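Just below is one structure, and these are the notes that go with it.
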There are 2 protein chains.
Amino acid sequence: MTTAETGNINAALSNPREDMAKLDELERKLFSLRYALGEIGSLGPVIDPPKATEERAEATAVLANQETELLLDPEVGYLLNRLEENASIIGQTRRYQVKILKRDREALLGIPAEEQEEFCRLTVTANDVWRRAKAANDWESFEPYLDRVVAALVSMAQHAKPDMDPYDFWLDQHEHGADRSLYDTFFSQVKDCVVPLLADCMASSRQPDARVVAGDFDERRQWELASDVLDLEGVDRDALWLGKTEHPFTGGPSTGFVIIAGHAYESNVLSNVFSMLHEGGHTMYEQSVSPDYRYTSLRGGTSAAMHEAQSRFFENYVGRSEAFSEQLVVLLRKHFPGQLGRLTARQLYMAENKATPCLIRCDADELTYPLHIIVRYEIEQLLFSGEAKAADVPGLWSERYKKYLGINVPDYTHGALQDTHWSDGDFGYFPTYALGGAYGAQLKVAMERQGVDFDGACASGDLAPIRNWLSEKIWKWGRAKDSAELIMDATGEEFRAKYYTDYLTKKFSAIYGL
Amino acid sequence: MTTAETGNINAALSNPREDMAKLDELERKLFSLRYALGEIGSLGPVIDPPKATEERAEATAVLANQETELLLDPEVGYLLNRLEENASIIGQTRRYQVKILKRDREALLGIPAEEQEEFCRLTVTANDVWRRAKAANDWESFEPYLDRVVAALVSMAQHAKPDMDPYDFWLDQHEHGADRSLYDTFFSQVKDCVVPLLADCMASSRQPDARVVAGDFDERRQWELASDVLDLEGVDRDALWLGKTEHPFTGGPSTGFVIIAGHAYESNVLSNVFSMLHEGGHTMYEQSVSPDYRYTSLRGGTSAAMHEAQSRFFENYVGRSEAFSEQLVVLLRKHFPGQLGRLTARQLYMAENKATPCLIRCDADELTYPLHIIVRYEIEQLLFSGEAKAADVPGLWSERYKKYLGINVPDYTHGALQDTHWSDGDFGYFPTYALGGAYGAQLKVAMERQGVDFDGACASGDLAPIRNWLSEKIWKWGRAKDSAELIMDATGEEFRAKYYTDYLTKKFSAIYGL
């Protein structure tokens, strides 16, 4: 008897009320395990002492395995099939839950449990090794872990979807429906726009002056500034814990408990400001998912790309707009009256938008940013295809930074060791940063067409109209709708990169007087 | 067929190698759930934002329920029976595991799962209510939660051991083998010693002078001092996270990740010092359990009383000794050279041992401390017997503080709302503080008899001989041995309160020139 037949028989015999109770019980268990994994995983890199790592790796692996076991229980398969066949009875929220649970289940079905558990252990250790390696500028110590992470990801993808290219599998995991073909097209449009535009900017006789925000800025005051930035942005502080880490991120276990870990650099006062706006965007998305979804698989953002769309929306479309500079400059003047007391909004706007090829992705301006992603996208493909090994990465990195950004990479710390993602096993994730950024341009145009006074909101410092629109169209839906559906519903059309390239062209042509 | 018969049949058919693998798998799962509960539970009160509470309560309840489900699985009962019958094959560590797992299982067997889950939810909420109530001096808001906590504990105890007095059940949970009869005897010996001794001290013409350590002390520097105190004590900082909270405690998920949450008061520089020595004792116990026990139920301390024996050992027997004052005074002078630069070891010793009836248990001196416990022990008994309700507690509290300590209780914050324990459902826990304190006196005499130069170690600031003795006799055993066995093995005799009362009499007679 096949699974499909069993499903039908079970549907015929099913008791929808009982099945819904079983679904709720399953979801509570999944919620509790994910809550634990979310808290342990998010806080680990921020607060755990060195000796915590080994036991944390073990606990994480076993908890993740319990989550997998729950999902893969054959009874759950039958349950989801029965619920699907009773779709008309179970209500919209449960229909969404069934869709997402089936998809989560299918992504795991073929992967041996030991392999997943081993992968969990591997990445906790790899992340720890990476943290030390980055601090010590020591590529060699991280190298074997990177090869093992890639090999494990390839193997898991082959188990899960034998007919699918392994890299496509992971691209799809981070953005449902995305593959190399989509990204190749997208990145080629981006390159066609950004590469000549950047060249024109660099050659222009009008150059923004970033020296107006140069200097050393007291770290403690930077954190006070960061706190004001989060308030201005509209993050719910009653559902936030703010910590410090090497590599900024947002995580956390629940709608009511989001964790931002940030990083302040004495020599760069804007770095933490835009990092906070970025993480604040992630945070508001997490905090604003419908309360109906709290204890279900629909909690959290729908995909990495849509998450990045929110974070980069507040970092760039809002944060680096001329209108918002009027608000930001007030905060900068308040916290650094001695150093920035005379800074004007216009000066800030120009400085924060100076296109400067640099080494660190997180510090990149809006224009050069996608080039950092293209470097990583290309290297990830080479690693997955076997054309490159971890040992080749620093060479590839240097070569491509030279080619796309025209700069030399002096060491590993500011090169291939700068990001945490690969050590966490997050391959296929970087491209979502660029794609999400591009989503934002289309969302901005749509909200303006629908009557949101975007510049007015930014200039006034009351971002509520922007937050409310995003909350209604995107945030509240959690994982219930995929990106493609959200974008179609919110903007009335499919994703088009043209909004993004038009935005970049218009903005940077104006700034550089092209 | 009865369970016992099934157990025998299963034993006959059993495959010990397979059973040992099953035991290991069970223990890994329990470890991972306890790790999650340990981290979420310890960090919750320290870092969680206000809106985190509800989802944390749910996650905690469901995780705890999964732990219970695992333990209560009938297959686990059969497995433990089979392993017990194969005791000669499975090795000493697994024999200890089986003993502890059976006991943990039996404590849960009769309690309905929903009731345990509900209790978990209740205490997370009650703790949150208590935190606010304490801050607002608002007994009324906490009152209904206290009644509900007691009712839930009585009900669970009646389910678990119908023939046992419910308060005895919880006393036994916190110290295996202890009951009201043991504590009644112990506290009566303590009262017979302390009440007249305290009266003599109060009446003495020689009074220690605490003004030498009075003043307002910068909080940031107090934390630097606290850090030095932990180093002097010998806590492994690579396996510690130090945070801040309202009510100091030690917790954490693993041997490699212990959490101390402390509290500094500007007006009391010694409070945080002795609190750190106390929590440091707990921490070293947790950190020093045999690595062989890391992923088993043997991890952690054997009981609340033995845990308190360690914390109070470092707080009092070491921390408030004349010899150790020579080290402590160096740190106080270093961090507060302006205020304490001329403080002598002798002055510090007298000041830190001034017997002063006070309102706050955590700030109590060594002599009056057990009286604070007796107040709580008596009120807990009244609540459990139904002779008192939560509404009566503030009155009982005032009356008994007057009777035993001779002082008036001005408000709830410094009265019945001062401690977190009841809001966490920890009834029967307070008595372990006093009992553990008394264990320490016997341990101290034993280690000296066995050649440890106690005063020499304290005076030199190298506590390694003391730590090593405790590590070998107590810490490394984790939960493998009960307190009674540990005390017998370490000291060669059963617990005797006389070591404790002799110690108090000798020490305070000398200080007060009696």
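Values reported hereafter were calculated over all heavy atoms of this structure, with side chains retained and with hydrogens, waters and symmetry mates removed. All of these numbers come straight from a predicted model, not from anything done at the bench. Numbered from 1 within each chain, the chains take letters A, B, ... in sequence-line order.
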Can you tell me which residue pairs pass the salt bridge (Lys or Arg N to Asp or Glu O under 4.0 Å) test with a partner in residues 32-47 of chain B, sequence neighbours excluded?
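Listed by first then second residue: B/Arg34-B/Glu67, B/Arg34-B/Asp104.
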Under 4.5 Å from a heavy atom of chain B, the part of A/Thr53 involved:
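Neither part; nothing is under 4.5 Å.
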Region of A/Leu33 that comes under 4.5 Å of a non-hydrogen atom in chain B
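Both backbone and side chain.
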Identify which part of [X] has an atom lying under 4.5 Å from any heavy atom of chain A, answering side chain, backbone, both or neither.
| X | result |
| --- | --- |
| B/Leu240 | backbone |
| B/Glu54 | both |
| B/Gln66 | side chain |

Any donor-acceptor pair under 3.5 Å linking the side chain of [X] with the backbone of [Y]?
| X | Y | result |
| --- | --- | --- |
| A/Ser227 | A/Trp223 | no |
| B/Ser42 | B/Gly251 | no |
| A/Glu279 | A/Ile260 | no |

Is there any residue in residues 231-238 of chain B with a non-hydrogen atom under 4.5 Å from a non-hydrogen atom of chain A, and which ones are they?
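Checking residues 231-238 of chain B against chain A gives B/Asp236, B/Arg237, B/Asp238.
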Among all residues two or more places apart in sequence or in another chain, which pass the ring pair (Phe, Tyr, Trp, His ring centres under 6.0 Å) test with B/His307?
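B/His307 satisfies ring pair (Phe, Tyr, Trp, His ring centres under 6.0 Å) with B/His282, B/Tyr285 only.
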Do we get B/Arg299 above B/Tyr293's six-membered ring, with its NZ or CZ under 6.0 Å from the centre and within 45° of the axis?
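The answer is no, since B/Arg299 fails at least one limit relative to B/Tyr293.
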Qualifying residue, where the test is side-chain hydrogen bond (donor to acceptor under 3.5 Å, both in side chains) with A/Glu27 and the options are A/Lys22, A/Gln97, A/Arg94
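Passing option: A/Gln97.
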Quick one: which of B/Leu37, B/Thr255, B/Asn65, B/Leu43 has the most heavy-atom pairs under 4.5 Å with chain A, could you say?
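Heavy-atom pairs under 4.5 Å are most numerous for B/Thr255.
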Which pairs count as ring-ring contact (aromatic ring centres under 6.0 Å, His included) when at least one residue sits in residues 35-54 of chain B, sequence neighbours excluded?
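Output for this query lists B/Phe31-B/Tyr35.
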